[in-house]
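Here the structure is laid out as structure tokens; the discussion comes afterwards.
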Amino acid sequence: MNPTRVLVLNSGSSSVKYQLLDMPHGERLASGVVERIGEDGGPADHDAAFKLVAGELTDDGVGIDSPELAAVGHRVVHGGTRFTEPTVIDDGVLAAIQELVPLAPLHNPANITGIKVARELRPDLPQVAVFDTAFHTTMPEYAARYAIDRQTADTYHVRRYGFHGTSHAYVSRAVAGLLAKDPSEVNVIVLHLGNGASASAVRGGVCVDTSMGLTPLEGLVMGTRSGDLDPAVVFHLARVGGMSVDDIDTLLNKKSGLLGLCGDNDMRNIGHRMAEGDEAARLAFDVYVHRVRKYIGAYTAVLGRVDAIVFTAGVGENSAAVREASLRDLGSLGIEVDTVRNALRAKTARLISAAGSRVAVAVVPTDEELEIAQQTYSLVEQ
Ligand code: ADP
């Protein structure tokens, strides 16, 4: 029998998450996370972290040396314009991922380390890179370009890449399934609202626009990131506020968004605080939802015809209040939410639109690991 298991590795700067799935059905055989890499109480480095992962898999009776393992699928954050598809990793691919480090200085190095260690542990296995940016490489040039001097942009690879692509791909396809349609038949707005948040416009299964840009800072209001702002804010803070580039980077990426507005980046706490009449929490919620509504309007215009709006990730899957407020009074766009369905808590993909709503509204739990496993397996199955 041919091997059917895929190990999915998501190595971040301080953690390694893993899942072992049996394909093609995606049955989860093991999963876990090794955290605090390089910190007190955690493994010293990624090498040590991967040895822990290998040990945990062996403890689960599904060792990394198992002959049933077909491939390792790696989440890689930045694939630039080069990687439009999942790709079997060889030395050339690894070098190309390395060349993209300036575009993702925190993420790609951790991904590279993960790939190297996994290759050492199982040199016989295909290692596949699945890129966060790949799904968005279909954006038309006019959506991917910033309106700045072309030569400068090209020299420094400044363009809109988009992220969370694995989630947008999975969820846009899943919502087509929920509507009993082929993905090629439906136009979808995906709202991935987690700690990081992004929206995408997907026409017939193909991404035509997304809210994140050169980096994951652009677009929606996030847990700790500002999302869209006038770029002159940066000059102003430097000139008038005397802040350094690094200070401003930290401010916009780590101290802004919901956290910056109200001191809390967890939508659950914001909900509790709002219920107690907390005005800062209310303002943070309103700013967040206002931005989501603007993107829904924009992507409705981009797509022309919208068949479905789908919410996913931590906030999107769990916050009925955010979904309700994001779509309130949009009947003129054909969007009507069923308040009872919206309020129901469930872990499964479901419709929450009212019976007569022209646009279907759905909640679909994202599953990036399953998507990575599927893309990996489709490349290596014999
Ligand atoms: P990440 O981007 O880190 O993968 P998730 O998609 O897991 O994040 O989303 C995490 C966020 O989801 C939390 O910060 C929290 O704001 C939100 N969240 C989780 N559960 C709930 C809930 N029941 N109600 C509202 N928000 C929630």
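Computed from heavy atoms alone, side chains included, the values below leave out hydrogens, waters and symmetry copies. Every number for a ligand or one of its atoms is a count from 1 in the order of the listing. Keep in mind that what you see is a predicted model, and the values were worked out from it rather than measured.
Taking the side chain as every heavy atom from C-beta outward, V34 and E56 approach each other to under 4.5 Å. With a 4.5 Å cut-off on side-chain heavy atoms, Y161 and M139 do not count as touching.
Formation of a donor-acceptor pair under 3.5 Å by the N10 side chain with backbone atoms of K17 is not found in this model.
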Self-check item: D367 vs R28, side-chain contact (heavy atoms from CB on, under 4.5 Å): CA-CA, chis, key distance, verdict
Solution: CA-CA 12 Å; D367 196 338; R28 239 158 281 249; 2.5 Å; yes
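Within 4.0 Å of ligand 1, counting heavy atoms only, the contacting residues are G194, N195, G196, N265, D266, M267, R268, A313, G314, V315, N318, S319, R345.
Applying the ring pair (Phe, Tyr, Trp, His ring centres under 6.0 Å) criterion to Y295, with sequence neighbours excluded, gives Y299.
Within the 6.0 Å centre-distance limit, the rings of F163 and H78 are counted as a close aromatic pair.
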